[in-house]
4 protein chains.
Amino acid sequence: MAEEMEQWLSSLLRLTDEEEKMTEKQIKIIQAAVDIFADKGYASTSTSEIAQRAGVAEGTIFRHYKTKKDLLLSIVAPVMSKLVAPFVLRDLHQVLDTEYEQFEDFLRAMMRNRLEFVVKHAPIVKIMLHEIPFHPELQSQFKEQLFPQVGERLKRIITHFQSRGDLIEMPPFALLRMSVSAIMGYIFTRCYLFPEHDWNDEEEIERVVNFIMHGLAPRKE
Amino acid sequence: MAEEMEQWLSSLLRLTDEEEKMTEKQIKIIQAAVDIFADKGYASTSTSEIAQRAGVAEGTIFRHYKTKKDLLLSIVAPVMSKLVAPFVLRDLHQVLDTEYEQFEDFLRAMMRNRLEFVVKHAPIVKIMLHEIPFHPELQSQFKEQLFPQVGERLKRIITHFQSRGDLIEMPPFALLRMSVSAIMGYIFTRCYLFPEHDWNDEEEIERVVNFIMHGLAPRKE
Amino acid sequence: MAEEMEQWLSSLLRLTDEEEKMTEKQIKIIQAAVDIFADKGYASTSTSEIAQRAGVAEGTIFRHYKTKKDLLLSIVAPVMSKLVAPFVLRDLHQVLDTEYEQFEDFLRAMMRNRLEFVVKHAPIVKIMLHEIPFHPELQSQFKEQLFPQVGERLKRIITHFQSRGDLIEMPPFALLRMSVSAIMGYIFTRCYLFPEHDWNDEEEIERVVNFIMHGLAPRKE
Amino acid sequence: MAEEMEQWLSSLLRLTDEEEKMTEKQIKIIQAAVDIFADKGYASTSTSEIAQRAGVAEGTIFRHYKTKKDLLLSIVAPVMSKLVAPFVLRDLHQVLDTEYEQFEDFLRAMMRNRLEFVVKHAPIVKIMLHEIPFHPELQSQFKEQLFPQVGERLKRIITHFQSRGDLIEMPPFALLRMSVSAIMGYIFTRCYLFPEHDWNDEEEIERVVNFIMHGLAPRKE
DNA sequence: GATGAATGAGATTTCATTCAT
DNA sequence: AATGAATGAAATCTCATTCAT
């Protein structure tokens, strides 16, 4: 059902910021830009190269995006929003933090879901990763929107399971960090370090979830 | 004693590839370049900016480094070597993979040691992280030297403890991945996401080590 | 009629490689470049000087010619082709080597024709002369295209008149060399050494033709 | 005896402007410069390249030659002098224009002698040829010294044989031009166009001399 | 909307020359 | 005499952006 919700949200988002009312050329431009930005980095990509790859005149890019940076933002911003969306949305709709019976159900759902997202948007996520540190506009989006909203929500979930005695006593932020490290460690290895390797996602998800569950279980003396 | 060895190695390396017979201006250039590359990224940094910050004529940069990329490589390459060095060295000197009594001693030593390294070379490590994906020269150094050597050695250590029954049955590469994820997750959070936060490294190292040890302990039914 | 053919050929060539779909500024650039290259030599001419003389921004040059050398080649190459053209063309159209009744008619036509060509393209010919030795691209054009085609055809003509008993017994290449020396000697003196002198071309052509005819006539005992 | 005289002159010249009181490094510099200038042209040769080839520090060149152009002049000037020397000298010593019995003896001697000179100094002659048009200093040497002196002397010789009835009635300058064309045509072909070809100099000299003698003989009706 | 020639500011790089050692 | 680090002016080239068509 979390999935359903995201479906709905995605369609909502798509309407507002993507591919609707885009001309064919505009779509080509975005595609070309994503490809080359991911390949060579934003700063090393020239607008003329994008135009060429998109099969479009140089001027056409600037008809749609005032500047090169505008083009970057128009690519990265909606994906950043989508990253927050599921978390934000549940809050908005008062979905309880207890929608998952067990912490491991939550972990499993979350990991599957984020993995799917990264796989789907791999190049754009790569662009985000590389460009966030160098563009204050993106950083602020990240530090002011994404992190607080997502972080806060996750911390609440963790505190919930901790208070139920399912997780070890420890500052929630540390718990969060370790869970996320384990999950991201897999996603990163899987999508960036060895994307060509033949991965069995379900098996690996199970491993990571077990790793976290045992690693963060309350210590029994 | 692993520390001692690295001390010795570092001094060895330093002699061979760094700061020897560098002119004062050359050192200033490197320092300026490291600062600005870390701050704005390689591609967005102009050589004139480096020259200015270094208090040097622009031509001086090109007397010492044939191209801007040469300058980048001369900064990143030695640090990449140092990253491998400890692992390589122990092999060379036949130090057994069993030099640590317990896996957690090994984890602790390794995490402390790598954290120290990243803290010390934070800007250069940042540059590496950002530039490796875009420079084939660096990628090959990484994929052909660093990864195989380090990866192999680590896998051997893990297999050792696994065969002793200290670690859960699982492909060694998965064990390795999860250990490294947990460690890197901390280092990354600590050094890049929230460097200004007031960290208690020893406490956090203990947490991460415990997380890994419990997470990867053999399951008792 | 050889003239007519070349007219036709020239117009053909002009269509394919010159001044078609050139912008006004592009033509100005070529003109400026020819002037200054001829005056100071390719290597001593700066693109900024060319831009200035052409009344164009420096960037404009590089929009049309990827490099400075490209600009040089785009100037020299078509003229080199035109140098070969008349010889090649006659071959193509099976015009017999006997189209001239007498060797001296051929010499006269050829000398007049080449002189006219050099007079018309003096600056570009000067550029060619100076740059061919230093640019492998041009050398190969010269050694692989121009020389074999022209040389072969001329040798055939000479052999023809020699077999008729109009020319002295001697290796054709030596005959060719001496004829060409005499002709080129005049053209060079006339166009490069003393262009300002008041030349009577017809008279001089007669002199040179007579010189060659007597110099290369079969020796009577 | 013309040869003897030139011997003497050469040694005289050598004393004044060459290789005497040159340090070993200075000689290396000159050699390197000649090589590279001949190979790539003066303007495209960098002083650092010369220094490298000469095995000398960059500064050393400027200790001996105030500027790069000074270096060029110090290479070209003495050879230009040597080109004039034989002609000038004979005048000075009142050697009669009639030192040769026949015009063809003169041609033969002159052609042999100049060919030998060009063969010996081929790279420097190449440099001269290419640089004279672009350096006023060299041009003036050429137009004011070399040409008038040599030209005047040659014209006198030609007039002499003409007045004896050995040469056709014609402006002496035209006679001179044609003789020189024929001679230079060979030297140029032999030394620049096809230096690698296996030339039989004596045979070719005979051919050229005969060509000139017949070409310029008085016409008998 | 689309084009692509034109721009000019600025990036990288070269290089003759100087100067302290 | 010799060195080679340093310089700064200038050269080649790049590129985001504008604008007339």
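Every heavy atom of this structure was used, including side-chain atoms; hydrogens, water molecules and symmetry mates were not. Worth saying up front: this structure is predicted, and the values here are computed from it rather than measured. Each chain gets a letter, A, B and so on, in the order its sequence line appears, and its residues count up from 1.
Counting any heavy atom pair closer than 4.0 Å across all strands shown, S44(D) reaches no nucleic acid atom.
Between T47(D) and the phosphate of dC15(E), there is no side-chain N or O to OP1/OP2 separation shorter than 4.0 Å. Taking only side-chain nitrogens and oxygens, K25(A) comes nearer than 4.0 Å to OP1 or OP2 of dT3(E).
I36(C) has its CD1 atom 12 Å from the P atom of dA11(F), to the nearest Å. Following rounding to the nearest Å, Y65(C) (OH) and dT12(F) (P) show an atom-to-atom distance of 16 Å. Residue F62(C) contributes atom CZ, which lies 14 Å from atom C1' of dG8(E) at whole-angstrom precision. Atom CG of L71(C) is separated from atom C1' of dA11(F) by 15 Å (rounded to the nearest Å). Per the geometry, CZ belonging to R63(B) stands 12 Å off C1' belonging to dT18(E), to the nearest Å. Rounded to whole Å, the distance from CD on Q26(C) to P on dG4(E) is 14 Å. At whole-Å resolution of the value, CD in E24(D) and P in dT3(F) are 11 Å apart. Spacing between atom NZ of K40(D) and atom P of dC15(E) amounts to 8 Å, rounded to whole angstrom units.
In the set dA16(F), dT13(E), dT3(F), dT13(E) carries the atom at the smallest distance from any side-chain atom of T67(B). The side chain of T60(D) lies closest to dT3(F) when the candidates are dA5(F), dT3(E), dT3(F). For V56(C), the side-chain atoms get nearest to dT7(E) when compared with the rest of dT7(E), dC13(F), dT14(E). Side-chain proximity of K68(B) to the nucleotides dA6(F), dC13(F), dT12(E) is greatest for dT12(E). Comparing dA16(E), dT13(E), dG1(E) by their closest approach to the side chain of H64(A) singles out dG1(E).
The two residues I50(A) and A33(A) make their nearest non-hydrogen contact at CG2-N, 4.0 Å. I30(C) and S74(C) make their closest contact through CD1-OG, 3.8 Å (heavy atoms, listed as atom of the first residue, atom of the second, distance).
If S48(C) and G59(A) are placed on DNA chain F by their nearest nucleotide, the residue sitting closer to the 5' end is S48(C). Toward the 5′ end of DNA chain E lies the nearest nucleotide of I61(A), the other residue of the pair G55(C) and I61(A) mapping further downstream. Summary of the strand contacts: A57(B) and S46(A) both lie near DNA chain F, and taking for each the nucleotide with the nearest heavy atom, the more 5' one is attributed to A57(B).
Ion pairing between a basic and an acidic side chain is recognised when a charged N comes within 4.0 Å of a carboxylate O; E58(A) and R63(C) show such pairing.
Residues I124(C) and F37(C) are not in side-chain contact: their nearest non-hydrogen atoms beyond the backbone lie 4.5 Å or more apart. At a threshold of 4.5 Å between non-hydrogen side-chain atoms, the residues E131(A) and V76(A) do not count as touching.
Within the cation-pi definition used here (under 6.0 Å to the ring centroid, within 45° of the axis), K68(C) does not qualify as a partner of F62(C).
Across every strand in view, dA2(F) sits in a pair with dT21(E) that passes the Watson-Crick or G-U test at under 3.5 angstrom. Figure legend. dA11(F) is base-paired to dT12(E); pairs are counted as Watson-Crick or G-U wobble with both atom distances under 3.5 Å.
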